[in-house]
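These notes concern the structure reproduced below.
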Amino acid sequence: MRGSIVIVGALLLMQGCLKNDIKNPNDRVNPNDRVNPNRFAMMESYKLPIKEGFVTVAMDGTDTIAASGIPVIIQKAAMANLNISYVPVADLPRYAEVGVNYYSYYLAFEDSRESGDHDYNDLVVKVNAHAGLGPRYTYLDLEVIPIALGSTMDIGLYLDDVPRTVYTLNQTVPVNADGSFTIAENCRTTLFGGDGDFLNTQQGSAMKDYDSYSVRYSLLWDPTFDFTTCLRWFIKAGGEKIYAVSGIHKSNDWASYVSKFGTPYGLAVPYIQYRGNSPAYDKFSYPVEFQHISGAYPAFQDWLDGTIKDFRAIDPIEDLVYEANN
């Protein structure tokens, strides 16, 4: 039951070769764009269209991800093709003056900027988000579900602040001196119950469930507010601050997101239950321990190069990945 806290040698040689491949500059990507993290953003903002007297309902496949009777900006998977419909306000009166937005994604981090093994399982969590948007009340609920911990380092998980002129944070959630707030100063202790060793990353081992961590932001209403450009997830490991590319970022501090070779330090992979009528896009499968992601996802380099636009369209090699258990 989930908690309610109110988020060998040949193999190593092969991995070494893959690491070199991923670090080779590729001519198919403009050198000026290679380190731009926005190339790897899998979530994006979308301004919901509104008709007077109606509630707009947005669906991704069979999933309702948003409903609103007022103009709002929502988050969605970047490659999602939304089905927009309009329902009379009389049929959905609760949304006449408010919008809601539901979305989920997985965060998968490397614990080092330059010396990682590119298995993207040093920390894996799932984030379930529920936003309420409107002049009467505005909030963002975040549930963080621990999935895997494949690092021996002490790793902390943090979320950068939303612009301070836009929101006030619930008093139960303290803000750090740098404007961020802490999900877990030590993920092993706070999120993974103090369990030792590699957790849910070793090939052949049974998956273990961990309690979720939930928190609510209390926000000041602003119809132009865009979570996609503001919420920035990062970890602290070995004295480094390492960001996941979780949305479109206006900051030019690209070195915190992407290496000089164009490799992101952290991924934010959307959870999508259905794509059209096909239930092919759902839980994220991350590489097993010490497995370079280019080995687990043979077309990963094509995604880095921009040849493939949708990461979730890449099929992994099943024996080399773990499917997240949430």
Side-chain angles (χ1 to χ4, degrees), residues 6-7 38 41-106 126-144 159-170 173 214-233 246-250 268-277 281-282 310 312:
V6 168
I7 336 154
N38 295 328
M42 299 185 220
M43 300 294 295
E44 68 180 9
S45 59
Y46 176 77
K47 188 174 182 179
L48 211 59
I50 296 297
K51 285 186 177 181
E52 187 175 355
F54 291 86
V55 171
T56 303
V57 177
M59 299 187 68
D60 181 12
T62 60
D63 296 332
T64 299
I65 67 166
S68 181
I70 61 174
V72 295
I73 298 174
I74 65 170
Q75 275 208 73
K76 71 178 188 69
M79 294 296 155
N81 294 314
L82 298 185
N83 179 24
I84 302 296
S85 61
Y86 301 93
V87 179
V89 169
D91 294 335
L92 293 174
R94 62 181 298 184
Y95 301 115
E97 297 182 14
V98 69
V100 293
N101 183 200
Y102 304 92
Y103 54 94
S104 299
Y105 51 80
Y106 297 91
K126 183 183 180 184
V127 178
N128 293 325
H130 171 205
L133 305 165
R136 291 186 177 180
Y137 60 94
T138 304
Y139 61 85
L140 176 65
D141 287 342
L142 296 173
E143 180 189 24
V144 178
L159 185 60
D160 255 2
D161 65 322
V162 184
R164 307 306 294 275
T165 57
V166 174
Y167 80 103
T168 55
L169 199 57
N170 189 310
V173 184
S214 298
V215 68
R216 168 170 286 196
Y217 280 99
S218 296
L219 308 174
L220 295 178
W221 169 240
D222 181 343
T224 66
F225 183 62
D226 183 354
F227 286 117
T228 313
T229 61
C230 299
L231 299 182
R232 300 181 295 160
W233 294 90
S246 53
I248 302 299
H249 300 290
K250 297 178 180 178
V269 183
Y271 172 88
I272 307 172
Q273 187 171 355
Y274 283 86
R275 180 62 58 88
N277 294 319
Y281 294 75
D282 47 6
D310 189 356
R312 296 307 306 267

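Hydrogens, waters and symmetry mates are skipped; everything else that's a heavy atom, side chains included, is used. If you're wondering where the values come from, they're calculated on a predicted model, not measured in any experiment.
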Inset, instruction - On the 0 to 90° scale, with breaks at 30° and 60°, tag the Y105-W233 ring pair as parallel, tilted or perpendicular. - result: perpendicular

Side chains of [X] and [Y] in contact at under 4.5 Å (non-hydrogen atoms):
X	Y	value
L159	R232	no
E44	Q75	no
N101	Y46	no
S85	M59	no
L82	I65	yes
V72	I74	yes
I84	V57	no

Can you tell me how far the [atom1] atom of [X] sits from the [atom2] atom of [Y], to the nearest 0.5 Å?
X	Y	atom1	atom2	answer
I73	S45	CD1	OG	6.0 Å
S68	E97	OG	CD	10.5 Å
Y102	D60	OH	CG	15.5 Å

Inset, instruction - Only counting residues at least two apart or in another chain, list the ones meeting side chain to side chain contact (heavy atoms under 4.5 Å, CB included) with A129. - result: Y103, L140, L142

Legend entry - side chain to side chain contact (heavy atoms under 4.5 Å, CB included) partners for Y95, two or more places apart: V55, A67, L92, V98, V100

Legend entry - Side-chain donor/acceptor of T56 to backbone N/O of P49, under 3.5 Å: yes

Inset, instruction - Kindly say whether R312 contributes a backbone atom to a donor-acceptor pair with the side chain of D310 at under 3.5 angstrom? - result: yes

Legend entry - Residue list, ring pair (Phe, Tyr, Trp, His ring centres under 6.0 Å) with F54, at least two apart or on another chain: none

Taking every non-hydrogen atom, the tightest pair across [X] and [Y]:
X	Y	result
P270	M42	CG-O, 3.3 Å
L48	A58	CD1-CB, 3.9 Å
V89	A96	CG1-CB, 3.7 Å

